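What follows is a single structure, written as structure tokens, with notes after it.
In the text below, chain A, chain B and the rest are named by the order of the sequence lines, each starting its count at 1. The model shown is predicted, which means the values in this text are computed figures rather than measured ones.
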There are 2 protein chains.
Amino acid sequence: MIRLSTKSQYGVRAMYEIACGYPDRPVSAPLISEKQDVPVPFLEQILTKLRKAGIIKSVKGPGGGYLLNGSPESITIWDIVEQLDGPMAITSCLDPQKGCVRIDNCVTHLLWKSLGNHLKDFLSTISVNDLVNGVILEKIGLEKAG
Amino acid sequence: MIRLSTKSQYGVRAMYEIACGYPDRPVSAPLISEKQDVPVPFLEQILTKLRKAGIIKSVKGPGGGYLLNGSPESITIWDIVEQLDGPMAITSCLDPQKGCVRIDNCVTHLLWKSLGNHLKDFLSTISVNDLVNGVILEKIGLEKAG
DNA sequence: AAATAATTGACAAATTTAGTAGGGTATTAT
DNA sequence: ATAATACCCTACTAAATTTGTCAATTATTT
């Protein structure tokens, strides 16, 4: 099964909520948790990663929460997924840390590499703003969305 | 991490070997195992699935093995992956058996659905024959393959 | 009959993912 | 100041999935 981790799914949904507070209203973890049905401690792990990646920033204290660290247009779904689950490698032999033993005579190496690139390209075309504005349908085209 | 299971990877590599015997030379599991570094028992699980799906057929007895059940042009990578890991659902909420509780107010549902369609479309354009003939580069385009 | 090779189903190890637990730290409102 | 809010961090556990093994059987050809 090719499956996106729930961590990434939660992350994208969290980013949606944070984007709703753009540009100046911090969104707290408990609020995101409630709206998106994500356990707070798990959510905090996710938000910490995104913060360290510079995608969001945080405000402490009462009334605090998380804010986008850039415009909703500039942050793509790929940015989020890459930080949470990356470095993305469709197959383990594409994992930069492991390398491919069979690379020279592997008939499929190129195929998987290309698949990964396709995925990246697609997710890079969708921004958080598209999510908020529901622009996805237009970008994707109706014939595929059915 | 978005990752393709090794089962599917093994399956595609196995199909490559079987395709090399096309149209009439059966390829045995031990031979595939040796050439592609896949444990025989695990390989047999995979081949059984593909046979039941009608993608390949088998010949028993000495000199027996597996044969494509169609032309290499007609079998796509998607066909293989779908049978081994399917029904593919990028996210669990797209799993037909589970369904999505949040579907009405889920801001990302459409996104994941579309991503799955993209993936399917891409893998459906690559045939087993492309693998054997090394046509992938041309189909994909050099700028992506880098 | 004997050798070869597919076929089957149950089982087990390993890995990854998902989620908990619990304490600590910074900030702001009162 | 102090209490409340909410972020921050490390380590651990549980669940699920993936990956692989084992043992026995069936079918076919030589």
Taking only heavy atoms on the protein side, list every residue of residues 50-61 of chain B lying under 4.0 Å from any atom of DNA chain C, sorted numerically.
B:Arg51, B:Lys52, B:Ser58, B:Val59, B:Lys60, B:Gly61
Choosing from D:dT5, C:dT7, D:dC7, which nucleotide comes nearest the side chain of A:Pro62?
D:dT5
Determine whether any donor atom in the side chain of A:Gln45 lies under 3.5 Å from an acceptor atom in the base of D:dT10, or the reverse, and answer yes or no.
no
Rounded to whole Å, CG of B:Leu31 lies from C1' of C:dA5 at a distance of 13 Å
So B:Pro39, base contact, sugar-phosphate only, or nothing? Heavy-atom distance under 4.0 Å.
sugar-phosphate
Touch class at under 4.0 angstrom, heavy-atom based, for A:Pro26 against every strand present
nothing
Check B:Tyr22 against B:Ser71 and note the closest heavy-atom contact, atom names and distance.
OH-CA, 3.6 Å
Just the rounded figure in Å: distance from C1' of D:dT5 to CD of A:Glu34.
16 Å
Tell me the interatomic distance from B:Leu43, atom CG, to D:dG20, atom C1', rounded to whole angstroms.
12 Å
Grab the NZ-C1' distance between A:Lys49 and D:dC9 for me, whole Å please.
14 Å
Is it the case that D:dC8 (base atoms only) and A:Glu44 (side chain only) share a donor and an acceptor within less than 3.5 Å, ignoring hydrogens and angles?
yes
Find the distance A:Phe42:CZ to C:dA21:C1' and express it as a whole number of Å.
15 Å
A:Leu67 CG to D:dA6 P, in whole Å, measures 14 Å
Taking the side chain as every heavy atom from C-beta outward, state whether B:Ile56 and B:Leu67 have any pair of such atoms under 4.5 Å apart.
no
Scan the side chains in residues 123-130 of chain A for donor-acceptor partners under 3.5 Å anywhere in the protein, sequence neighbours excluded, and list what turns up.
residue: A:Ser124; atom: OG; partner: A:Lys120; partner atom: O; Å: 2.8
residue: A:Thr125; atom: OG1; partner: A:Phe122; partner atom: O; Å: 2.6
residue: A:Ser127; atom: OG; partner: A:Asn129; partner atom: N; Å: 3.3
residue: A:Ser127; atom: OG; partner: A:Asp130; partner atom: N; Å: 3.2
residue: A:Ser127; atom: OG; partner: A:Asp130; partner atom: OD2; Å: 3.4
residue: A:Asn129; atom: OD1; partner: A:Asn133; partner atom: ND2; Å: 3.4
residue: A:Asn129; atom: ND2; partner: A:Glu73; partner atom: OE2; Å: 3.4
residue: A:Asp130; atom: OD2; partner: A:Ser127; partner atom: N; Å: 2.9
residue: A:Asp130; atom: OD2; partner: A:Lys139; partner atom: NZ; Å: 3.0

Separation of C:dT16 atom P from B:Lys7 atom NZ, nearest Å, is 17 Å
Please report, rounded to the nearest Å, how far the P atom of C:dT16 is from the CG atom of A:Leu84.
18 Å
Is any side-chain heavy atom of B:Tyr66 closer than 4.5 Å to a side-chain heavy atom of B:Leu47?
yes
